[in-house]
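One structure is given below, encoded as structure tokens.
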Amino acid sequence: MEEMLIPIFDRRYFSLLSLWSLCIHLGVICSTKDVSTSSNSSSLKPKVINIGALFTLNSVIGQAAKPAIQAAIDDVNSSPNILNGIQLKLILCDTNCSGFVGTMEALQLMESDVVVAIGPQSSGIAHVISHVVNELHVPLVSFGATDPTLSSMQYPYFLRTTHSDYFQMYAIADIVEYYGWREVIAIFVDDDYGRGGISILGDALAKKRSKISYKAAFSPGDDESKINDLLVEVNLMESRVYVVHVNPDTGLNIFSVAKSLNMMDDGYVWIATDWLPTQLDSMESVDSDTMNLLQGVVTLRHYTPDTNLKKKFISRWKGSVGSAGFNSYALYAYDSVWLVAHALKVFLNEGGNLSFSYDSNLQDTNGSMLHLSSLRVFNGGEQLRQTLLRMNFTGLSGQIQFNPDKHLVHPAYDILNVVGTGTRRIGYWSNYSHLSIVPPETLYSKPSNTSTSSQHLYSVIWPGDAIATPKGWVFPNNGQPLRIVVPNRVGYREFASKDASPQGVKGFCIDVFEAAISLLPYAVPHTYMLFGDGKRNPSYDDLVYKVSQNVYDVTVGDITIVTNRTKIVDFTQPYMESGLVVVVPMKEAKSNPWAFLKPFTREMWFVTAAFFLLVGAVVWILEHRINHEFRGPPRQQLITICWFSLSTMFFSHRENTVSTLGRLVLIIWLFVVLIINSSYTASLTSILTVQQLTSGIQGIDSLISSTEPIGIQDGSFALNYLVNELSISPSRIVKLKNPEAYLRALDLGPKKGGVAAIVDELPYIELFLSTTNCLYKIVGPEFTKSGWGFAFQRDSPLAIDMSTAILQLSENGDLQKIHNKWLTHSECSLQVNQIDENQLSLNSFWGLFLICGTACVLALIIFFYRVFAQYRRFNPEDEESEMETIEPSRSSRRSIRSTSFKQIIDFVDKKEAEIKEMLKRKNSNESKQQNNHNFSYDQTNSPS
């Protein structure tokens, strides 16, 4: 907050004083090596300590600060627990809103041997005085100088008991981001206070991807006529969000002029810094005319917690001074005195030295009347400065504690909305949680959360009593329509071309732009301008660059969205998908005697053949013991396996399957064969009937590996892509103007001065192929993915609204209707026929093979389990082993190991009927032996 109005007659003296201050800064009088200690240095505690105060008494801030400082001095002197009987003596100086007078008063104040100076309220005066206190080692405690640059290391003796504008500007940036605005116009007073704050605002907005589109500065003494000229100028601009950072004494003049220019109506946004609440709070009663000027304004006020200490002070203020003049700076001024008192208490308790010394370098020369020799250095200044920075107590304005950057901890602001006869709080801002609707102190105990979803404010009534959030910009009202540049194409004029109509242009792109701009909720006057000589296609990179340089406002046409262009302009949502493809002439394919092998890939042929043999072998194993058709000499059985396998391909196998497992395997295999036969037939038919044309180039990879010339459209980005990204030699590139040139180049071919292929974007190729009777084809897939959009200047809000309109056109079907109107293509234009794409691979059939293979394995497991069980019953050694009672499991394993492999094979090779007959006889013999054994036993045990 600032109040610095420098009269004209003081500027000459101020220049002289600035030169003197610069000499101090450069070290002309900054050496303190030769210092003589004053004779009054004493270790005894003094009875009176002088402190100074510097500010403009007759000002909004001064009228609040003076009674607050005097009240604080009285409270400190009357308290027995602070300085133990030592009295603070206040030496008050009036800077009178003048930089020169303020500096002279500061020099006179330093002659009084003050240990601390409170003030000033002006950042400009603070900058100059800071050089003085740096030299004399006197801490300067300001309750009103808010310029962020004062916190730099250049001014070590400057302390601030209010919040820096650094935080206020970040609060405004958060508000701008919260409502989705991208640009603001800064209206500020052109002094240290105004420039410093707006500089921080620019940095804060940049972090939010927003910016200050224009800085409207005016001098502190400008009258309403100059302010009127300034506002007329900004009213012609695009942005409708204004940030006003001025002094309280001149701030209301801005809104008065804005009201007369109808700039306080619907659609405008006014954000005022803390000067406005300071002005309003200082008034005993605000008249209705003043409030009418401010309706809908959003402003910030320093947040101070509603503590009992604060309430008692306000009640005391009203009882002694009245309600007039009070504002938040009264609280900061009061706390400044108590900060000094607490620091002096600690300083004295720690043995601080209150003595002063003369500096031999501060001497009056050549008859100077500045009395520099009367200025003395405070010997305990550095210790007192360190003590001030260590203080931590609760004052009227909240917690008084400094962070390492010399800022007060927990900076926070009320966010107010001027409505009716007063203001209403719509939220808070703090450096801890940013925007919220709960008091900041309730959030300090919780984890910090500054995410977008956690930011909240209550509703705002905007200028013109509008409830809906203003969009923050309008089409500039400067008499100039939107300058739209259109490429003057030579070929593919369906997209954009010159026309004899009043509009001057026509085409698919033009219709899309007109349809989109008609959906905007506001009128956009515009005019079309052609770019190019009409003899060849213009360079689209040059066209986009012209837009970025403000030669044109937007380019409308078949502009591809590529990386290097997005760095200099903003594109809308793509309204046409695009990508580079390769087009080649197709020749009749020569007949191939091995065409019958092409339906399947090599892997598919191998796996199919393997499964034919596998299924034949499995069925032979399952049928060999019970089916006489699968028995005979080894040679005959091998022929049977091969014949049976191949005959299943045509379902002409003559051998009957008898076993259940064999029939199960055969049914599954016949189903697999049916699918394979059908797929083979369909693929072979497609290859022999559809694929009549072929080309030696199969896609971009084969084109890169060749050395043949490549055709591209003149002016297309394809040139840079092929050369820079794919490393194709520029000597191979041939620029072609139009579709007729495409035809000639492709027909001639590379051997006769033509090209082997053309690389261009898909929309052009669709249009080209629709007129070529399918003699040319796209080979390979799109090897880039992009789209066409309208290119606007960077940060243009119109680009966002146009993107929304394009999405609306796509959703309601109007975009497709425009496409059908201008762009048509035959069915073969997108046809890409390649043998490789018609070949069937193993990926399409591995599921069938898995089912068939699983069935074969399960059938074999069941079969061998049954054979093994029969073999155990047939083997006599196995039977004897079962009769043993000692280690039966071990003897069983020995029996199995002792059996020869030949015996097992012979057993498996026997017919099922023979095995059953042998087992039957074995069972009969076992029964007879058992009966004989029982009879002998009975005879032995019977009585004689």
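What's counted below: heavy atoms across the whole structure, side chains too, no hydrogens, waters or symmetry copies.
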Can you tell me if S433 and S430 form a side-chain donor-acceptor pair at under 3.5 Å? yes
Separation between CD of Q121 and CG of N247, rounded to the nearest 0.5 Å: 9.5 Å
Any donor-acceptor pair under 3.5 Å linking the side-chain atoms of S282 with those of N327? yes
Counting C-beta onward and ignoring hydrogens, is there a side-chain heavy-atom pair between I175 and I415 closer than 4.5 Å? yes
Check F792 against L798 and note the closest heavy-atom contact, atom names and distance. CE2-CD2, 3.4 Å
I'd like to know if R301 and D274 make a salt bridge, using a cut-off of under 4.0 Å between side-chain N and carboxylate O. no
Supply the atom-to-atom distance T394 OG1 to Q401 CD, rounded to the nearest 0.5 angstrom. 9.5 Å
If you measure from the Lys or Arg side-chain nitrogens to the Asp or Glu carboxylate oxygens, is any gap between D306 and K311 under 4.0 Å? no
Would S213 and E238 count as having a side-chain donor-acceptor pair, cut-off 3.5 Å? no
For residues V246 and V189, report the shortest heavy-atom separation together with the two atoms involved. CG1-N, 3.9 Å
Between OG1 of T299 and CG of L294, what distance do you get to the nearest 0.5 Å? 9.0 Å
Residues in side-chain hydrogen bond (donor to acceptor under 3.5 Å, both in side chains) contact with S810, at least two apart in sequence or another chain: none
Residues in side-chain contact (heavy atoms from CB on, under 4.5 Å) contact with Y458, at least two apart in sequence or another chain: R424, I426, I437
Is the shortest side-chain heavy-atom distance between Y155 and H127 below 4.5 Å? yes
Considering residues at least two apart in sequence or located in another chain, which fulfil the side-chain hydrogen bond (donor to acceptor under 3.5 Å, both in side chains) criterion with Y170? K207
R195 side chain to D190 backbone, donor-acceptor under 3.5 Å: yes
A171: side-chain contact (heavy atoms from CB on, under 4.5 Å) partners, not counting sequence neighbours: L300, W429
Consider only side-chain N and O atoms of S164 and S151, and report whether a donor and an acceptor are under 3.5 Å apart. no
Quick check: do I185 and V241 have side-chain heavy atoms less than 4.5 Å from each other? no
Close side-chain approach of L443 and S436, heavy atoms under 4.5 Å: yes
Qualifying residues under side-chain contact (heavy atoms from CB on, under 4.5 Å), relative to I314, sequence neighbours excluded: K310, K318, F326
Tell me if a side-chain donor or acceptor on S803 pairs with a main-chain N or O of T572 at a distance below 3.5 Å. no
Hey, could you give me each pair passing side-chain hydrogen bond (donor to acceptor under 3.5 Å, both in side chains) that has a residue in residues 286-296? Not counting sequence neighbours. D287-T290
Please work out whether the ring planes of W317 and F313 are parallel, tilted or perpendicular, with thresholds of 30° and 60°. tilted
Residues two or more places apart in sequence or in another chain: which of them pass side-chain hydrogen bond (donor to acceptor under 3.5 Å, both in side chains) with Q793? N550, D553
Across all chains, not counting sequence neighbours, the side-chain contact (heavy atoms from CB on, under 4.5 Å) partners of A216 are I187, Y214, L230, V234
Is there a donor-acceptor contact under 3.5 Å linking the side chains of H245 and T273? yes
Interatomic distance, OG@S448 vs NE2@H434, rounded to 0.5 Å, equals 7.0 Å
Can you confirm whether or not the ring centre of F143 sits under 6.0 Å from the ring centre of F55? yes
For the side chain of T56 and the backbone of T95, is there at least one donor-acceptor N/O pair under 3.5 Å apart? no
When the ring centroid of W275 is compared with that of Y193, is the distance short of 6.0 Å? no
Holding to side-chain hydrogen bond (donor to acceptor under 3.5 Å, both in side chains), I want the full list of residues that pass it with D222, two or more places apart in sequence or in another chain. none
So if I apply the ring-ring contact (aromatic ring centres under 6.0 Å, His included) rule between H410 and each of Y444, F167, Y432, Y428, which one comes out positive? Y444
For a quick check under 3.5 Å, do D165 and T146 share a side-chain donor-acceptor pair by atom type? yes
Quick check: closest heavy atoms across I125 and P120, and the distance to 0.1 Å? CG2-CG, 3.9 Å
Donor + acceptor pair across side chains of D174, Q455 (<3.5 Å): no
Can you find a side-chain donor-acceptor pair between E441 and Y303 that sits under 3.5 Å? yes
Atom pair OG1 (T162) and NE2 (H302), whose distance is rounded to the nearest 0.5 Å: 3.5 Å
For residues M263 and L231, determine if any side-chain heavy atom of one lies less than 4.5 Å from a side-chain heavy atom of the other. yes
Between L520 and A805, what is the shortest heavy-atom contact and its length? CD2-CB, 4.5 Å
So Y413 and H163, do their side chains get closer than 4.5 Å, heavy atoms only? yes
I want to check something: taking the side chain as every heavy atom from C-beta on, are L54 and I118 in contact at a cut-off of under 4.5 Å? no
May I have all residue pairs that pass side-chain hydrogen bond (donor to acceptor under 3.5 Å, both in side chains) and include part of residues 463-474, sequence neighbours excluded? none
Residues pairing under ring-ring contact (aromatic ring centres under 6.0 Å, His included) where one sits in residues 248-268, two or more places apart or in two chains, turn out to be F255-W270
Only one of L389, L408, L140 clears side-chain contact (heavy atoms from CB on, under 4.5 Å) with L159; which? L389
Here the pair of heavy atoms bringing A791 nearest to V547 is O-CG1, 3.9 Å
Kindly indicate whether the side chain of L150, heavy atoms from C-beta on, has any atom under 4.5 Å from the side chain of S123. yes
Can I get a per-line list of side-chain donor-acceptor pairs under 3.5 Å for residues 330-342, giving both atom names and the distance, sequence neighbours left out?
from, atom 1, to, atom 2, distance (Å)
Y334, OH, D75, OD2, 2.6
Y334, OH, W338, NE1, 3.1
D335, OD1, L396, N, 2.9
D335, OD2, L396, N, 3.2
D335, OD2, S397, N, 2.9
D335, OD2, S397, OG, 2.6
S336, OG, T161, OG1, 2.6
S336, OG, Y332, O, 2.7

To the nearest 0.5 angstrom, please state how far the NZ atom of K226 sits from the CZ atom of F218. 12.0 Å
Contact summary for M169 and G197, nearest pair of heavy atoms: CG-O, 3.1 Å
